[in-house]
Amino acid sequence: MRNGRRSWLLAFSAFFLVFGAWCFAAPFDGPADEVQHTIRAAGVASFDPGQIFAAPAVVPDAFEKPGMGAYQRVPEGMQAHAVCFGFKPQVSAACAAGLRGGPIGEVPTSAGRYNPLYYFAVGVPLRLLPNWGGLVVARLISSAICAALLASAFVSLLRWSRYGLTAAALLGVATPMLAHLAGGVNPNSVEIAAGIAFFAAGIPLLLEPPDLVAKRPLVTLLGISSVLLLTLRSAGPAWFAFAFFALAVPVRWGWLREYWRLLRVKLWTAGVVLAAVLSAAWIVGMKTGELVPPPPGLYEYKTGEAIAIYINSWWIYLEGMIGVAGWFDVLMWSPFYLVWALIVGGLVVLGGMFGDWTMRWRYLVILLGGVALPGFLQVTQANMTGFIINGRYMLPLLAGLPLLAAWTLERRLFDAAQARTVARTMTIFLLPVHLVLLVWAMVRWQRGLPTNAGVGWFNPLKGDWHPPTGSVTPLLIMVVGLLFVAAVFWRVPHDEFVAQLGRGEAPALEPAGKSVTENPDVPSQRETGTDTWRESRTPGEDSPKKAR
């Protein structure tokens, strides 16, 4: 238990530092839609029912275009959209007024219909201190929530991974895009972290034999992440449905009956059902799916054209999952995206190749929910909204693919030494991309980012705008955070697994074409007298405990 708490604290601290760097780097409304979300948060933090359940209304966006939202009674100075530099990467943030207070008034926000759960958590500092200090505190709260979810995911996967590769795969799904969003005020960040935590708990809980004692923390994490997925954003119920369907089907009724013996399972089931009902009521009552028709002739896409645009935009969506900062106007150089896509995508492809048909079914369900469903909605609504889909919107569900792939590969292909090599490859090649995106974004906000910028232009200490807390602060926090993350993940898988492999004591690999979870000859954790795959065995092998 103490080791689990220590691992959680280490992972939380590491992720919190990486996310926290962004809290001090970005100008107000530098992250996507931050003005909209801060206005909503400050309104909810008044704890006035009329503000929490604000009446849906047609409101102007940052560019005075009408859309659905609501009005919040907040300091009027909070309506400080960064239109002077947003979508203008050559312009620095020095032109923007920044967050400030002012008299209380009716301020419009397109986030006015959003579920208030996230805004209760981050809104109080914005309500009390509508300035840089309050903004940084709100951002840090959001970062802490995301870091807590990822730390819980790490501990769950570390304990139940066969060689630890699934835990290491967190590096592939905790992308720089998540870090950037977590360092701003935006519920999309917590939604992504909740999706990752859902798979981190659901994979060992639903794809491996029950253990009514050791797996109780997984039930809690799955319940928390399910409630968050269902309530934070209107797309959440769809993400939850596809993710749960992918992991739970085909149904193992015997396992479910055994889990149902736990009071914790019954309570969390009731809580998730209640969250689903309340979320549906909110979506219907607050009209979150209602759109304002655009001016006639603004969008005139034919169905075939819309399909072609959606399919041809997938590199853009991949960039959006990996990391595009600001108002989608801060892109890194292409090799950084290629490195991430090749390593994480290669993991997913190998998982599909060496997994059985049940695993490929799970892939298919996730792809239907994370690719086909957004595509259908985008194509059918193209003449209403234009093309508004971003890769970050799909990440809560698609993050399950690398985790499932790693879980499969450490059971069907990799031994402990090979899993260690993959884990360290991800540590070496993926972590620096976080620093690159931060530097690119800081340069863009501080001095602008011209299209012909050379290497010498990327100096994050120059420019006519700097964060009030200084430009050195976020850089230092990010470097320390990345070193901390590297230290945490460098020993995953742990040294003792490789030592066991050298002594011939590591668990045998599963024969190709046969799933461990579907092999009746492989005992459950209860039957082997252990609560983790690290000491599981196949019949005929000496137990690692006995061998030692």
Side-chain angles (χ1 to χ4, degrees), residues 18-19 22 25-26 30-34 86-90 169-184 186 188-189 191-193 195-196 235 306-349 366-367 370-375 377-379 382 385-402 426 429-445 448-453 458 478:
V18 172
F19 298 164
W22 287 96
D33 303 320
E34 190 171 51
F87 298 130
K88 303 172 185 175
Q90 295 84 5
L170 276 177
L171 292 175
V173 296
T175 64
M177 191 72 214
L178 170 58
H180 169 52
L181 292 170
N186 194 320
N188 189 198
S189 61
E191 181 188 34
I192 295 169
I196 294 171
I307 293 173
I309 292 173
Y310 179 74
I311 294 174
N312 200 38
S313 299
W314 260 92
W315 178 250
I316 297 174
Y317 300 146
L318 285 173
E319 289 178 331
M321 294 180 208
I322 297 168
V324 180
W327 290 25
F328 213 76
D329 57 3
V330 184
L331 281 89
M332 301 176 289
W333 291 340
S334 295
F336 296 110
Y337 296 105
L338 284 172
V339 166
W340 201 288
L342 288 173
I343 293 176
V344 180
L347 199 69
V348 173
V349 171
I366 293 174
L367 290 172
V371 176
L373 177 61
L377 296 175
Q378 177 62 89
V379 168
T385 64
F387 277 80
I388 60 173
I389 292 290
N390 286 319
R392 62 187 176 93
Y393 297 147
M394 309 169 187
L395 199 51
L397 184 57
L398 294 183
L401 290 176
M426 289 192 287
F429 286 96
L430 299 188
L431 289 184
V433 182
H434 284 269
L435 180 60
V436 171
L437 183 62
L438 178 69
V439 170
W440 255 242
M442 290 179 64
V443 169
R444 181 261 176 274
W445 290 323
L449 195 60
T451 55
N452 60 345
F458 292 91
M478 176 62 78

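Looking at Ile343 and Met426, their side chains come closer than 4.5 Å, going by heavy atoms from C-beta outward. In this structure, the side chains of Leu431 and Val18 stay at 4.5 Å or more apart for every pair of heavy atoms. You'll find the side chain of Val436 stays beyond 4.5 Å of the side chain of Trp333, heavy atoms only. Leu181 has its side chain out of reach of Trp22: every pair of non-hydrogen atoms, C-beta onward, lies at least 4.5 Å apart. Residues Val371 and Tyr310 meet the side-chain proximity criterion, which asks for heavy atoms closer than 4.5 Å.
Met442 and Ala25 get closest at one heavy-atom pair: CG-CB, 4.0 Å. Across all non-hydrogen atoms, the minimal contact from Pro176 to Leu437 is CB-CD2, 3.6 Å. Heavy atoms only, all atoms of each residue included: Ser189 and Asn186 are closest at OG-O, 2.8 Å. The minimum heavy-atom distance linking Pro31 with Gly184 is given by the pair CG-CA, 4.1 Å. Smallest separation of non-hydrogen atoms from Ala179 and His434: CB-ND1, 4.0 Å.
Distance check, rounded to the nearest 0.5 Å: CG of Asp329 to CH2 of Trp445 gives 9.0 Å. Taken from CE in Met332 to CH2 in Trp340, the straight-line distance is 8.0 Å, to the nearest 0.5 Å. Once rounded to the nearest 0.5 Å, the distance linking CH2 of Trp440 with CG of Leu331 reads 11.5 Å. The CG atom of Leu347 sits 12.5 Å away from atom CG of Leu342, with the distance rounded to the nearest 0.5 Å. How far CG of Leu318 is from OG1 of Thr175: 11.5 Å, rounded to the nearest 0.5 Å. The structure places CE of Met321 at 9.5 Å from OH of Tyr317, a figure rounded to the nearest 0.5 Å.
Remark: side-chain polar atoms of His180 are paired, donor with acceptor, to backbone N or O of Gly326 under 3.5 angstrom.
For Tyr337, there are no ring pair (Phe, Tyr, Trp, His ring centres under 6.0 Å) partners two or more places apart in sequence or in a different chain.
The number of heavy atoms from other shown groups lying within 6.0 Å of CZ (Phe458) is above 12.
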Would you give me the side-chain donor-acceptor pairs under 3.5 Å for residues 385-400, sequence neighbours excluded?
unit_1, atom_1, unit_2, atom_2, d
Thr385, OG1, Gln381, O, 3.1
Arg392, NH1, Asn188, OD1, 2.8

